[in-house]
2 protein chains.
Amino acid sequence: MHKKNEEIQKRHSLIKHLISSDDIYNQTQLAKLLKQNKITVTQATLSRDLFELGVVRVPSPNGNVYRISPDENKNAFQYRIAEEVISIDSNESLIVIKTYTGRAQGVALFIDRQNSNEILGTIAGDDTIIVVPKSGTTIIKLVNELKTLLGIK
Amino acid sequence: MHKKNEEIQKRHSLIKHLISSDDIYNQTQLAKLLKQNKITVTQATLSRDLFELGVVRVPSPNGNVYRISPDENKNAFQYRIAEEVISIDSNESLIVIKTYTGRAQGVALFIDRQNSNEILGTIAGDDTIIVVPKSGTTIIKLVNELKTLLGIK
DNA sequence: TTATTGAATGCATAATTATACATAATTTTG
DNA sequence: CAAAATTATGTATAATTATGCATTCAATAA
């Protein structure tokens, strides 16, 4: 992976940025915007790019527009979340997640969002989160689930 | 609104059903499925229908497929949620939501999913939910937000 | 009932998107 | 390094989707 891949990633990244900030109604329009940013590709390439990026096309008042898929956002978010977590440990009844200072709230929010059926609730301080499992849940299992979720280890 | 509108609603309803249960790759395919259900329309009409229904087109391993938009699901869900809530009250530091028996977990889940920036967490029993606001949040404001969210009053 | 209005739809086709194929660029293998 | 294999992309065009216009049909008014 060298020059070429970097360019592709850069293009993909820019595509996502453009889609997030502007209303893109078609691929020709997207090509023009890319060109303004010194990236010149054809509509055909964009068709492939959008597919690979999982970009969705959704009805809006002025016609169909392209949007980053919710899943994509989720993954992007998950990636950043992983960087903020230091450790996940547990005793017989609770799970404790340590994060970098000031990050606990955000990580806890992310966990809440997953609306797991195994979690009763979370409480977050500044750098610590306590996860309370629902009764009937195996702690070990939930710990592993959280590790997977947060992309740890 | 009589015969005509009923037919349209019926078609729209069937379209949503078909999209939910099958992978629909294009409008011609959708037209054929509708025809099998005694509803005959052209691709042009389906193009308009899909737009009106807010149906999104999303990349899948085998090509782009049509899917019911998350928003659409959300609204449908929200509608049912409203039916389950009895009351929303609060004291100076907590909000208590009363639901019909056995519904609290589901409603709490729904609230968690909104990942509000004003909610620290929720704890749900059988018919009661306790919502813990983040410090710095006005209870009144959050109560109103929850009412709007749940479609109460 | 008949006339009028507006919505819904089909038809024809424009606009947009996807893709087969050829080529070039990049990476890998020996 | 040269050859082989893989990947990316443009071109041309096929496939799909969207839409202007005309028509039909249901709803409403007279």
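Given the structure is predicted, the values throughout are model-derived calculations rather than measurements. By convention in this document, chain letters (A, B, ...) are assigned in the order of the sequence lines, proteins followed by strands, and residues within each chain are numbered from 1.
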Task: Partners meeting salt bridge (Lys or Arg N to Asp or Glu O under 4.0 Å) with A:R67 (sequence neighbours left out) - done: A:D23
TODO: Give the rounded distance in Å between these two atoms: CG of A:N64 and C1' of D:dT19.
DONE: 13 Å
TODO: List, by chain and number, the other hydrophobic cluster members for B:Y25, where Ile, Leu, Val, Met, Phe, Trp and Tyr join if side-chain heavy atoms come within less than 4.5 Å, directly or indirectly.
DONE: B:V65
- [ ] Grab the CD-P distance between B:Q29 and C:dA18 for me, whole Å please.
- [x] 15 Å
Open item on the list: Tell me every residue that passes side-chain contact (heavy atoms from CB on, under 4.5 Å) with B:I123, counting only those two or more places apart in sequence or in another chain.
Closed with: none
Polar pairs (N or O, both sides) under 3.5 Å between protein and nucleotides 19-22 of chain C?
residue : atom : partner : partner atom : Å
C:dA20  : N6   : A:R48   : NH2          : 2.8

TODO: Indicate yes or no: at least one non-hydrogen side-chain atom of A:Y66 is less than 4.5 angstrom from one of B:R57.
DONE: yes
Task: Donor-acceptor under 3.5 Å (A:N26 side chain, A:T28 main chain) - done: yes
Task: Minimum-distance pair of heavy atoms, taken over all atoms of B:P133 and B:L142 - done: CB-CD2, 3.7 Å
Open item on the list: From CG of A:L53 over to P of C:dA18, roughly how many Å is that when rounded to an integer?
Closed with: 13 Å
Pairwise N/O distances under 3.5 Å, protein to nucleotides 14-16 of chain D:
residue : atom : partner : partner atom : Å
D:dT16  : OP1  : B:N26   : ND2          : 3.4

Task: Pair listing, salt bridge (charged side-chain N to carboxylate O under 4.0 Å, His left out) test, anchored in residues 24-47 of chain A, at least two apart - done: none
Task: Helix axis bend for the helix from C:dT1-D:dA30 to C:dG30-D:dC1 - C1'-based end axes, five pairs, 10° rounding - done: 40°
TODO: Taking side chain to side chain donor-acceptor pair (under 3.5 Å) as the test, write out the residues that go with A:K98, two or more places apart.
DONE: A:T128
TODO: Take atom CD1 of B:I15 and atom P of C:dA8, then tell me their distance rounded to the nearest Å.
DONE: 13 Å
- [ ] Can you sort out which residues in residues 32-42 of chain A have a heavy atom within less than 4.0 Å of DNA chain D? Ascending by number, please.
- [x] A:T40, A:V41, A:T42
Open item on the list: If you define the side chain from C-beta out and look only at heavy atoms, does anything of A:V58 sit under 4.5 Å from A:N64?
Closed with: no
Open item on the list: I'd like to check B:L146 versus B:I119 (side-chain heavy atoms, cut-off strictly below 4.5 Å). Are they in contact?
Closed with: yes
Open item on the list: Please report the distance, rounded to the nearest Å, between CG in A:L30 and C1' in C:dT17.
Closed with: 13 Å
Open item on the list: Rounding to an integer number of Å, can you tell me how far A:F51 CZ sits from C:dA18 C1'?
Closed with: 10 Å
- [ ] Among Ile, Leu, Val, Met, Phe, Trp and Tyr joined by side-chain contacts under 4.5 Å, find the other residues sharing a cluster with B:I140 and list them by chain and number.
- [x] none
- [ ] Starting at atom CZ of A:R11, determine the distance to atom C1' of C:dA25, rounded to an integer number of angstrom.
- [x] 14 Å
Open item on the list: Keeping A:N37 on the side-chain end and A:L33 on the backbone end, is there a donor-acceptor pair under 3.5 Å?
Closed with: yes
Task: Atom-to-atom span, NE2 of A:H12 to C1' of D:dT7 - whole angstrom - done: 12 Å
Can you give each donor-acceptor pair under 3.5 Å made by side-chain atoms of residues 43-53 of chain B, sequence neighbours left out, with the distance rounded to 0.1 Å?
residue : atom : partner : partner atom : Å
B:Q43   : NE2  : B:Q27   : OE1          : 3.0
B:D49   : OD1  : B:R11   : NH2          : 3.0
B:D49   : OD1  : B:H12   : NE2          : 3.0
B:D49   : OD2  : B:R11   : NE           : 2.6
B:D49   : OD2  : B:R11   : NH2          : 3.0

